[in-house]
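Structure first, commentary second.
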Amino acid sequence: MARGDPMIHVRVTDELKSRLESAAQGSGRSMNAEISQRLEESLYLSKMAHALESSSHLTDGERALVQSFRSMSQDERRAVLALLNKLSSSSS
């Protein structure tokens with residue numbers, strides 16, 4: 001962490017801490033970097049989902065997909081995004 005960066009303290013369960021440690025190790029990031037990345041992703045995804053959900057250009061089916069995506073856990077969202085990325089890269 002660079003000097004002058006704001007610091008926050010968050011209490012988490014032992015299970016969540018363990019999962020974050022595993023994820024950080026698996027991604028080759030520090031715990032701080034892993035948590036920061038996940039928070040950034042979550043905020044970005046929520047912002048994009050809200051923008052899409054309120055768009056007048058979506059069909060009812062697309063709007064339902066956005067609402068379903070928003071109700072998913074982070075792991076479920078990541079799985080869906082990974083699948084979509086794989087599908088889009090294989091069709092290129």
- Would R78 and E41 satisfy side chain to side chain contact (heavy atoms under 4.5 Å, CB included), going step by step from the backbone distance to the final call? CA-CA 10 Å; R78 287 172 195 263; E41 262 181 36; 3.1 Å; yes

- Task: Can you sort out the partners of D60 under salt bridge (charged side-chain N to carboxylate O under 4.0 Å, His left out), two or more places apart, ordered by chain and number?
- Result: R63

Please table the atom pairs, donor to acceptor, closer than 3.5 Å between any side-chain atom in residues 15-28 and protein atoms at least two apart or in another chain.
| unit_1 | atom_1 | unit_2 | atom_2 | d |
| --- | --- | --- | --- | --- |
| R19 | NH2 | D75 | OD2 | 3.3 |
| S22 | OG | S18 | O | 3.2 |
| S27 | OG | A23 | O | 3.1 |
| S27 | OG | A24 | O | 3.2 |
| S27 | OG | R29 | NE | 3.4 |
| S27 | OG | E34 | OE1 | 2.6 |

- If you group Ile, Leu, Val, Met, Phe, Trp and Tyr by side-chain heavy-atom gaps below 4.5 Å, do L84 and L65 land in one group? no

- Is it possible for you to say whether I8 and I35 belong to one hydrophobic cluster, with membership spreading through side-chain heavy-atom contacts below 4.5 Å? yes

- Separation between CD of Q67 and CZ of R70, rounded to the nearest 0.5 Å: 8.0 Å

- Can you tell me how far OG of S68 sits from CZ of R77, rounded to the nearest 0.5 angstrom? 11.0 Å

- Evaluate whether atom CG of D14 has more than 12 neighbouring non-hydrogen atoms of other residues, nucleotides or ligands under 6.0 angstrom away. no

- Item | Side-chain heavy atoms of L39 within contact of Y44, under 4.5 Å | no

- Backbone of N32 reached by a side-chain donor or acceptor of S36 within 3.5 Å: yes

- Can you check side chain to side chain contact (heavy atoms under 4.5 Å, CB included) on V12 and V10, steps first, answer last? CA-CA 6 Å; V12 297; V10 178; 4.0 Å; yes

